[in-house]
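Worth knowing before you read on, the calculation uses all heavy atoms, side chains too, and leaves out hydrogens, waters and symmetry mates. The model shown is predicted, which means the values in this text are computed figures rather than measured ones. Chain identifiers are assigned alphabetically (A, B, ...) following the order of the sequence lines, protein sequences preceding nucleic acid strands; residue numbering begins at 1 within each chain.
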There are 2 protein chains.
Amino acid sequence: MATIRDVAKLAGVSVATVSRVLNNQGYVHEDTRKKVEQAIRQLNYKPNAVARSLYKKTSKSIGLIIPDITNPFFPQLVRAVEETMYEAGYTVLLFNSDEVLKREQHIIDLMVTKYVDGIIIVSNTIKYEHLKDLSIPIVALDRVISQEIPSVSVDNYEGARKAVRLLIGKGCKKIAHLRGPKNVFTAEERLRGYMDEMNSQGMETFVYAGNYELNTSMVETMKLLTENREIDGIFAGNDVMAVGAIKAITKLGIHIPDQLKIIGFDGIELGTVITPELSTLKQPIVQLGKKSSELLLNYINGNEKVLRHYVYQAELIERDST
Amino acid sequence: MATIRDVAKLAGVSVATVSRVLNNQGYVHEDTRKKVEQAIRQLNYKPNAVARSLYKKTSKSIGLIIPDITNPFFPQLVRAVEETMYEAGYTVLLFNSDEVLKREQHIIDLMVTKYVDGIIIVSNTIKYEHLKDLSIPIVALDRVISQEIPSVSVDNYEGARKAVRLLIGKGCKKIAHLRGPKNVFTAEERLRGYMDEMNSQGMETFVYAGNYELNTSMVETMKLLTENREIDGIFAGNDVMAVGAIKAITKLGIHIPDQLKIIGFDGIELGTVITPELSTLKQPIVQLGKKSSELLLNYINGNEKVLRHYVYQAELIERDST
DNA sequence: GTGAAAGCGCTAACAG
DNA sequence: CTGTTAGCGCTTTCAC
């Protein structure tokens, strides 16, 4: 690996001059610039990012902490973040935390020592108190952690109400909610939306536990449908659970959407892949990723002074399950 | 951010001593160690990884290049790699390349300047010539790039033959293959397996184009089935295509598996989510990720001297589509 | 316009 | 056992 010194020697100049042409700043005579560029090419010299980082205290990299890439909601999000960051010249360090606080904290410590320029985090476990001493920019994605941490998220509450309204509009009389995991921000918001909408319409509520995961959802749906044969509408906490429910319903020989209508939340690809195709509240996943990255970049570059919370609306997508 | 100098001053020792207790090497008196540790705690000091990297020419990070995290095959793979690396104290830099050679090369250059300790790459486009001048360890994952680059992959050829044999064993008389994209290693191998097995059984072959993607597969399946009503078995190049095919078949009112049997390749979760559940050749995805990471770590640590190629067998999983 | 030199924070000889 | 010091490769004053 050639160093700046090698280049300087070959070009017959000082390292300072090489540095100047490298960074395109300060005065340097056209002829010397030529010589230096020639030497750079000849040696196939690439400036050492680590040395640069040490001096500049910036690494041109950001950390991305998500619960689990294996959850179908995240690949698109990660892709969008990675892409936006890459275009801006930043590298992303990816971490799966499983929302384990200890692990998240360890990851953050690690990042600090690596001089990451910023952090995007998707987490329910982490709180403001764990973040407040951090001197690097951070943005919360998909969930709002606290008022003090900028965030980019979706209006889960309003989305849930829309979902319920659709079911009601389609004539459902008994609508159940397969809720997401307790203490998970998005799940609580969606539940709240369901409750409020149902109550405001004077309808009885039926809430079943779930955890955003397929198999549990199948089991729970079986239970739900045997306990209460009159349920004719289900609002699932997310698309994965909706798909699980559909499997269970199909197995029971109940016809969708004639006998029972079901709607999910998220808008992941899976919903268009199954039969019947799933109606859902589609989150603007790519936009979430992109926006959070841009916001973080703004903070990093000092272009953004005030604390911002962006909230997107989920879009109702009617397919064949309602 | 406190530095080693601050710690040294507070503890009343030299930086060398602090470094010694930090790295737990060399002699240091129990009492001084205590003092230093106390100072470290007091300042909440964390050694600067960048400075360390500069000196040691190692960053405790590795690069992972995949085509597209959005493709359902990759999340599990990435997860496995990230996990194994994390446990070994390494951070992973993730890149989506879309298999664009220029981009891959740029990514690799970038990584070199960042002193990554090794690279795991999933790619069909990159060749040995692009890698041969690299001085850092590299391992090819899921595809073999060349004899000179260590790799961890699956026996796609044999897997394909197994798939075809199952279809034949189940009584299929006319078996078509929905092939994956041209020039993609895995796709070519699976095609070859199909051809060889069919030929060895003296059966006529029917190959239809595809690109590992769902919508094209639906369209192509429609075409296939209208062109040739007698097809009673389909070996899809991967699970995603198989799911597309199933959608098309269902739409045509053809019953699976009675009238037509179908089998995929990969063993992604999607296959268990749809109805009917998909028979497939399951790749040991997590193992692939884990093994490639361990292999890379071995190269990094100099424990592995010889060039290794690990090949796993895909496992036949019979579900409801055959 | 250009070069010398200090220093980013750490590690590893080398002395003592 | 402990301290001094010379770098790792780069950027940036500050002279000239």
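- At the heavy-atom level, A/Thr32 lies under 4.0 Å from the strands shown only through sugar-phosphate atoms.
- Taking atom NZ on A/Lys56 and atom C1' on D/dT11, their separation rounds to 7 Å, with Å as the unit.
- Environment of NZ in A/Lys46: crowded, with over 12 heavy atoms of neighbouring residues, nucleotides or ligands closer than 6.0 Å.
- With rounding to whole Å, B/Tyr27 atom OH is found 17 Å from C/dC14 atom P.
- A close approach under 4.0 Å does occur between a side-chain nitrogen or oxygen of A/Lys57 and OP1 or OP2 of C/dG9.
- Among C/dG9, D/dG3, D/dG9, the nucleotide with an atom closest to any side-chain atom of B/Thr3 is C/dG9.
- The CD atom of A/Gln25 sits 9 Å away from the P atom of D/dT13 (whole-angstrom rounding).
- In summary, B/Glu99 and B/Arg143 engage in a salt bridge, as defined by a charged side-chain N under 4.0 Å from a carboxylate O.
- We find that OH of B/Tyr55 is positioned 11 Å from C1' of D/dT5, with the value rounded to whole Å.
- Figure legend: cation-pi geometry between B/Arg103 and A/Tyr86, with NZ or CZ positioned under 6.0 Å from the six-membered ring centre and within 45° of its axis.
- Here A/Val13 lies in heavy-atom contact (under 4.0 Å) with sugar-phosphate atoms only.
- Nucleic acid contact class of A/Glu30 (heavy atoms, under 4.0 Å, all strands): none.
- Residue A/Lys114 contributes atom NZ, which lies 14 Å from atom P of C/dC10 at whole-angstrom precision.
- Contact annotation: B/Asn48 side-chain N/O to C/dC8 OP1/OP2 distance is not under 4.0 Å.
- Between B/Leu54 atom CG and D/dA6 atom P the separation is 17 Å, expressed in whole Å.
- The nearest whole Å value for the distance from the CG atom in A/Asn24 to the P atom in C/dG1 is 15 Å.
- Salt-bridge formation is not detected for the pair B/Asp117/B/Lys60: no Lys NZ or Arg NE/NH1/NH2 atom is positioned less than 4.0 Å from an Asp or Glu carboxylate oxygen.
- In terms of position along DNA chain C, the nucleotide closest to A/Arg33 lies nearer the 5' end than the nucleotide closest to the other residue of the pair A/Val15 and A/Arg33.
- Residue whose closest nucleotide on DNA chain D sits further toward the 5' end, between B/Ser14 and A/Tyr45: B/Ser14.
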